[in-house]
2 protein chains.
Amino acid sequence: MRDAYHEELDSIGDDLVEMARTVGSAMGRATTSILDADLSLAERVIEADRNVDETQHDLEARAIALLARQQPVATDLRTVVTSLRISADLERSGDLAKHVAKLARLRYPEKAVPSDLHATVLEMGQLAQRLMAKTAQVLATKDVRLALQLEQDDDDMDTLHRALFQHLMDDKWEHGIETAVDVTLLGRYYERFADHAVSAARRVVFLVTGEHAGDFAAEDGA
Amino acid sequence: MRDAYHEELDSIGDDLVEMARTVGSAMGRATTSILDADLSLAERVIEADRNVDETQHDLEARAIALLARQQPVATDLRTVVTSLRISADLERSGDLAKHVAKLARLRYPEKAVPSDLHATVLEMGQLAQRLMAKTAQVLATKDVRLALQLEQDDDDMDTLHRALFQHLMDDKWEHGIETAVDVTLLGRYYERFADHAVSAARRVVFLVTGEHAGDFAAEDGA
């Protein structure tokens with residue numbers, strides 16, 4: 001029978017998994033809202049981010065209470081501290097999904113993304129959601145091999161991000177400055193979302209193995 | 001005579017002050033490098049950010065060691081956890097200064113910032129450095145009134161950021177897409193740098209007063 005401490009630790013872990021699934025889904029819905037110029041969907045994503053923020057504050061308070069009450073040491077201590085960092089990564093990811101939705105809302109009823117970039121943005125949005133779904137899985141299972149797959153997915157996101165920039169800088173760009181600015185920011189939101197998903201997964205790897213993920217995979221200095 | 005625990009806590013606090021001063025200065029130098037197209041200055045900023053990262057890792061290790069060895073409770077516990085969060089804000093701020101310098105390096109020998117935006121970018125860079133210098137002072141003195149001043153400075157940064165965007169979207173914009181993209185990212189780096197400086201100062205306010213800074217100042221939902 002697990003003691004109260006480990007039950008609470010498990011509960012915090014479960015909530016982190018749920019949080020990762022929520023922000024991954026939020027980014028998927030935000031992507032749909034911006035590609036379809038769907039105002040009500042965008043507004044729901046923006047509103048729902050409050051819950052993510054509340055969950056993060058709640059998780060932090062519980063982690064700190066655990067530190068105070070149970071005064072864990074060694075692995076248990078590292079687990080609690082890691083949970084704090086992961087919840088910060090996930091909260092920031094939720095903010096980035098909200099930024100995508102806010103951009104959709106800002107440009108409504110126009111589409112923020114021109115048709116010739118629709119496919120690239122869709123790919124980035126889907127990749128971001130898949131990445132975060134993997135992070136959720138890593139949080140649930142502590143599967144280090146799955147966590148290391150995320151490094152490749154992160155490279156794929158960088159490739160898409162670069163393709164987006166190349167398209168922007170192309171002489172044939174015909175969509176003007178406002179759209180160029182929007183697409184620049186959009187690319188950055190997806191790229192940072194991916195960074196946070198990978199960061200959260202790397203923390204799990206470090207917790208489980210004591211090694212940094214970069215020591216397993218090819219070092220890809222950011 | 002202070003015990004070993006409180007001496008170590010003070011030492012961590014001192015290092016956070018030093019870290020804030022360092023990243024504030026880095027952003028100042030990065031701004032100079034991008035406005036002057038100064039490649040060697042940019043490269044020094046980029047290189048120096050490794051020290052910031054190392055300092056953060058060191059601070060984290062020491063904070064965790066404190067939690068493990070001394071098992072603090074109540075205020076001391078909150079202080080250690082707050083230090084962890086502040087060091088993360090400051091490390092991210094260092095990265096943002098590095099991004100500014102990298103943009104300078106990328107466009108060298110061209111100037112990334114067109115002359116008609118020189119004054120605005122200079123103002124944003126100087127404001128960012130002043131903001132972080134205040135954060136350093138808040139960390140050193142725990143002065144809540146000074147921390148609350150940062151809220152106004154943050155508003156000033158938002159105003160400058162909006163002015164930058166208005167200039168970009170102006171029909172008379174004549175600098176093309178690449179420069180529009182660069183200026184968009186640059187504006188975001190300064191804005192996020194300011195966010196982290198304010199975030200760090202708010203954490204000190206919460207630690208000292210138990211209240212959120214937003215309850216003192218006008219709420220300015222981001």
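Just so we're on the same page: letters track the sequence lines, and every chain starts at 1. These numbers were taken from a predicted model, which means no experiment stands behind them.
Proximity to chain B is limited to the side chain of Val81(A), based on heavy atoms less than 4.5 angstrom apart. Both the backbone and the side chain of Ile64(A) have a heavy atom closer than 4.5 Å to some heavy atom of chain B. Contact of Leu67(B) with chain A is made through backbone and side chain together, with heavy-atom distances under 4.5 Å. Contacts between Arg85(B) and chain A at a heavy-atom distance below 4.5 Å involve the side chain alone, from C-beta outward.
Residue Asp170(A) holds its CG atom at 12.5 Å from CD of Glu178(B), rounded to the nearest 0.5 Å.
Between Ile177(A) and Leu168(B), the shortest heavy-atom contact is CG2-O, 3.0 Å. Taking both residues in full, the closest heavy atoms of Arg188(A) and Arg188(B) are given as CD-CD, 4.5 Å, listed atom of the first, atom of the second, then distance.
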